2 protein chains.
Amino acid sequence: MRRDYDRETVLASTLFSTMPPETAEQLMARSKEIELARGESIFLQGDPADRLFVVLDGWVKLFRVSSSGTEAVVGVFSKGESFAEAPAFQNTNYPVTAETVTACRLLQVKASEILTLMKDDPHVGMAMIGAVYAHLHALVAQIEQLVAQTGTQRVASFLLKLCKQSSGSCRVTLPYDKVIIARYLGITPESLSRAFGRLGREGVTIEQNHAIISDVARLGAFAGTEGKQRRSERDAG
Amino acid sequence: MRRDYDRETVLASTLFSTMPPETAEQLMARSKEIELARGESIFLQGDPADRLFVVLDGWVKLFRVSSSGTEAVVGVFSKGESFAEAPAFQNTNYPVTAETVTACRLLQVKASEILTLMKDDPHVGMAMIGAVYAHLHALVAQIEQLVAQTGTQRVASFLLKLCKQSSGSCRVTLPYDKVIIARYLGITPESLSRAFGRLGREGVTIEQNHAIISDVARLGAFAGTEGKQRRSERDAG
DNA sequence: CGCGTTCCTTGTCTAAGGTCAAGCCGGTCC
DNA sequence: GGACCGGCTTGACCTTAGACAAGGAACGCG
C-alpha cells in the first residue's frame with residue numbers, strides 16, 4: 001500500500017527520524033500529500049513561507065535566478081529528504097524557488113502544526129535544527145567544490161556521490177536532466193557535455209542517462225585527492 | 001565598562017536577540033569570554049563540536065581546506081554575530097575551521113547549557129533555528145554569487161555590502177586582509193588586485209585598506225542589475 | 001510517415017581567471 | 001643603517017569554461 005510505503009519514507013526521513021515516533025505520526029496525520037507533474041513550481045522565491053515539505057517520491061530542485069537570468073541550483077532532493085524547514089519558522093519569505101524536476105509526490109507540513117508540537121517537546125526543535133544543519137553542511141560542501149574544483153572534477157564528484165561503493169566498477173543512473181545537473185554543478189549544459197567527454201579518459205562512459213564508471217577509486221583520485229593540478233605536477237608526470 | 005558593552009552586544013546579537021531577555025542573561029552568565037590574538041584557531045575542522053561562539057569584538061573567518069590546499073572561506077563574522085550553533089547540537093564534529101583574522105574577544109557558550117534552557121523554553125530552540133537559518137541564507141547567496149557573477153562583480157558586491165547607503169559616494173574600510181576577502185569571494189589575491197584595478201573604471205579607488213566609491217548606484221548597476229554581460233549586449237553598446 | 005519539440009552534443013571563438021615569477025613597499029628586528 | 005618578512009601588485013602565460021551557432025538523436029503527434 002502506498003500509505004504504508006509513505007509512512008515508512010517519512011519516518012525514516014532526515015527530519016522525522018530523530019523525533020519521537022508518536023510525534024512524527026501526529027504530524028503526519030495533520031499533513032497532506034500533494035501530487036505534482038514534472039516542471040511544476042512548489043513555491044516561488046519571495047512567497048510567504050508557512051509550510052515545509054518532505055519528498056515522498058520524485059525529485060525536487062531549489063534554485064535562485066539572478067538578475068542576469070543565471071539559474072543557480074542550491075539543492076536537489078529526493079525521497080526521504082525535507083526542504084524549506086527553516087524559512088517556515090521565521091515568518092519570512094522563501095529565499096529560493098522550488099520546482100519539481102520529475103513527477104513528484106510530496107508531504108506538505110504546516111509550520112504552525114510543528115510549532116504547536118515544539119512547545120511540548122524539545123526533541124521537535126532538535127529535529128528541526130538537525131535538518132537545517134544538514135542543509136547548511138551540504139551548502140558548505142557545495143561552496144568548497146565550486147571554489148576548489150574544476151567543472152570536470154565537480155562532475156566526477158557528482159557521479160561518485162551517486163554510486164555508493166568506493167572502489168571497483170559501477171553503473172549509475174543520472175536521476176534527472178543534464179541541464180539540472182549542470183546548473184547544480186555551476187556549469188552550463190555544454191560544459192557538462194564536454195566534461196563527460198573528458199571523463200572518458202578516466203574510465204567513464206555515458207550512455208543516455210546512465211554512467212558507467214570502470215574504476216571508482218580512479219575517478220575519486222581524479223575528483224578529489226589530486227585536487228586542482230598544478231602546472232609543476234602535470235609537467236612532472 | 002567592557003562588561004556592559006559586551007552585554008549589549010550579546011543581547012543585540014542575532015542569536016540572543018530573539019530569546020527572552022532573562023534567558024539570554026542566564027546563558028551569558030554561564031558562558032565565558034575568551035581573548036585571542038590574530039591568526040589563532042578557535043576550532044579545527046573535525047574537532048568535536050560542543051560549544052558555539054558570539055563575536056564580541058574583532059573578525060573571525062570560517063573556512064575549509066580542500067585536499068588540493070585551496071582554502072574556501074564560507075563565512076566571515078564580526079561583532080554581534082554567532083557561529084557554530086548547529087554542529088554544537090548534533091553531537092558531530094565541526095565541518096569547518098574557525099580562525100581569527102584580527103585580534104578578537106569571543107563569548108564561548110557550551111551547547112549543554114543551551115540544551116538545558118531549551119527544554120524549558122521553546123523560544124530558545126526558535127532562536128537557534130533563526131540563527132542557523134541566517135547562515136543558510138548567507139550561504140545560498142554566496143553560491144548564487146559564485147555561479148552568476150564574475151569575480152570583479154563579486155568584488156563590487158562585497159564593497160557595496162560594506163557601505164550602507166544605496167546611492168551617492170562613500171568611503172569604506174576593508175575590515176580585514178585582502179587575502180581573506182579574495183578567498184571569501186572565491187578568487188586569488190592576484191585576481192582581487194586586478195579586479196580593484198578594473199573597478200577603477202566604475203569609479204572605485206583603493207587606498208591601502210580603504211575603498212572610495214564615487215557612485216554607489218553605478219557600482220550597484222555594475223555588480224548586479226547588468227549581470228554577466230552577453231556578447232550581443234556588449235557589441236550593441 | 002514527416003514534422004516539430006526537447007534534449008543533448010560539437011565546433012569555434014573569446015574572456016575570465018588561475019599559476020608562476022618578480023618586484024615593491026612598509027613594517028620590524030637586530 | 002641593513003636585512004628580512006608579510007602583504008600586495010604587476011606581468012606573462014595558459015587553462016577553463018562561457019557564448020553563440022549549428023547539428024543530431026529520441027520522442028510524440030498528426
Side-chain angles (χ1 to χ4, degrees), chain A residues 37-39 66 68-72 101-102 145-156 174-183 185-201 204-211 222 226-236, chain B residues 37-39 66 68-72 101-102 145-156 174-183 185-201 204-211 222 226-236:
Chain A
R38 178 195 167 183
S66 72
S68 59
T70 310
E71 178 183 310
V101 299
T102 65
Q145 286 208 337
L146 283 172
V147 170
Q149 295 185 308
T150 66
T152 308
Q153 287 176 323
R154 296 201 292 276
V155 174
L174 306 178
Y176 37 84
D177 277 7
K178 292 184 186 170
V179 185
I180 312 285
I181 300 176
R183 291 305 173 202
L185 297 174
I187 57 178
T188 58
E190 295 99 314
S191 291
L192 178 65
S193 192
R194 287 185 240 272
F196 279 145
R198 244 169 268 142
L199 287 181
R201 294 204 294 270
V204 174
T205 318
I206 304 294
E207 283 176 5
Q208 276 150 178
N209 64 335
H210 294 281
F222 173 81
E226 294 177 1
K228 269 188 191 172
Q229 289 193 320
R230 316 244 160 152
R231 194 179 300 179
S232 48
E233 290 166 9
R234 274 198 317 277
D235 292 350
Chain B
R38 178 195 168 184
S66 72
S68 59
T70 310
E71 179 182 310
V101 298
T102 66
Q145 285 208 337
L146 283 172
V147 170
Q149 294 185 308
T150 67
T152 308
Q153 286 176 324
R154 296 200 293 275
V155 174
L174 306 179
Y176 37 84
D177 278 7
K178 293 185 185 169
V179 186
I180 313 285
I181 301 176
R183 292 305 173 201
L185 298 175
I187 57 178
T188 58
E190 294 98 316
S191 291
L192 178 65
S193 192
R194 286 185 242 272
F196 278 144
R198 243 169 271 143
L199 288 180
R201 293 204 294 271
V204 174
T205 318
I206 303 296
E207 283 176 3
Q208 276 149 175
N209 62 336
H210 294 281
F222 172 82
E226 294 179 358
K228 269 186 190 174
Q229 289 191 319
R230 315 241 161 157
R231 194 180 299 179
S232 48
E233 291 166 6
R234 275 198 315 277
D235 292 350

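Throughout, a chain's letter reflects where its sequence line sits, starting with A, and its residues are numbered from 1. On a predicted model such as this, the values are computed, not experimentally measured, just so you know.
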Exercise. What are the two closest heavy atoms between B:D177 and B:R38, and how far apart are they?
Worked result: OD2-NH2, 2.7 Å
For this session: Rounded to the nearest angstrom, tell me the gap between atom CG in A:L192 and atom P in C:dT9.
Result: 7 Å
Seminar exercise, completed: Of all heavy-atom pairs linking A:R183 and A:E71, the shortest is CD-O, 3.6 Å
Exercise. Contact class for A:G39 (heavy atom, under 4.0 Å): base, sugar-phosphate, or nothing?
Worked result: nothing
Problem set entry | Identified side-chain contact (heavy atoms from CB on, under 4.5 Å) counterpart of A:V155 within the set A:L199, A:V204, A:T150 | A:L199
Seminar exercise, completed: Note: A:P189 and A:V179 closest approach over all heavy atoms is CG-CG1, 4.2 Å
Problem set entry | Residue pair B:T70 / A:A148: nearest heavy atoms and the distance that separates them | CB-CB, 3.9 Å
Exercise. CD1 of B:I180 to CG of B:L185: how many Å apart, nearest 0.5 Å?
Worked result: 11.5 Å
For this session: Specify the separation, in whole Å, of atom CD of B:Q153 and atom P of D:dG18.
Result: 14 Å
Exercise. What integer distance in Å separates B:L199:CG from C:dA16:P?
Worked result: 13 Å
For this session: Would you please confirm or rule out a distance under 4.0 Å between OP1 or OP2 of D:dA17 and any side-chain N or O of A:T188?
Result: no
Problem set entry | Nearest atoms (heavy-atom pairs only) where B:Q208 meets B:K178 | O-NZ, 3.2 Å
For this session: Could you check how far CG of A:L146 sits from P of D:dT16, rounded to whole Å?
Result: 17 Å
Exercise. Can you tell me how far the CG atom of A:L146 sits from the CD atom of B:Q145, to the nearest 0.5 Å?
Worked result: 12.5 Å
Problem set entry | Whichever of B:P189 and A:R198 has its nearest DNA chain D nucleotide further upstream toward 5' | B:P189
Exercise. For A:R183 and C:dC8, what is the distance between atoms CZ and C1' respectively, to the nearest whole Å?
Worked result: 13 Å
Exercise. Rounded to whole angstrom units, what separation is found between the CD atom of A:Q145 and the P atom of D:dA17?
Worked result: 13 Å
For this session: Would you give the length of the straight line joining atom CZ of B:R154 to atom CG of B:L192, rounded to the nearest 0.5 angstrom?
Result: 11.0 Å
For this session: For DNA chain C, determine which residues of residues 204-211 of chain A have any heavy atom closer than 4.0 angstrom to one of its atoms, and list them numerically.
Result: none
Exercise. What nucleic acid atoms does A:R154 come within less than 4.0 Å of, heavy atoms only: base, sugar-phosphate, or nothing?
Worked result: nothing
Using nucleotides 4-8 of chain D, report all nitrogen or oxygen pairs with the protein that are shorter than 3.5 Å.
from	atom 1	to	atom 2	distance (Å)
D:dG7	OP1	B:R38	NH2	3.1
D:dC8	OP1	B:K178	N	3.4
D:dC8	OP2	B:K178	N	3.3

For this session: Answer with yes or no whether A:E190 presents, from its side chain, a donor or acceptor under 3.5 Å of a partner atom in the base of D:dC20.
Result: yes
Exercise. Does B:R194 place a side-chain N or O at less than 4.0 Å from the phosphate oxygens OP1/OP2 of C:dG18?
Worked result: no
Exercise. Taking atom types as modelled and ignoring hydrogens, do the side chains of A:S66 and A:S68 form a donor-acceptor contact shorter than 3.5 angstrom?
Worked result: yes
Exercise. Between the axis at one end of the helix from C:dC1-D:dG30 to C:dC30-D:dG1 and the axis at the other (five pairs apiece), what's the angle to 10 degrees?
Worked result: 20°
Seminar exercise, completed: In whole angstroms, the gap separating P of C:dA16 from CD of B:Q149 amounts to 14 Å
Exercise. Which atoms form the tightest heavy-atom contact between A:L174 and A:A211, and what is the distance?
Worked result: CD2-CB, 4.5 Å
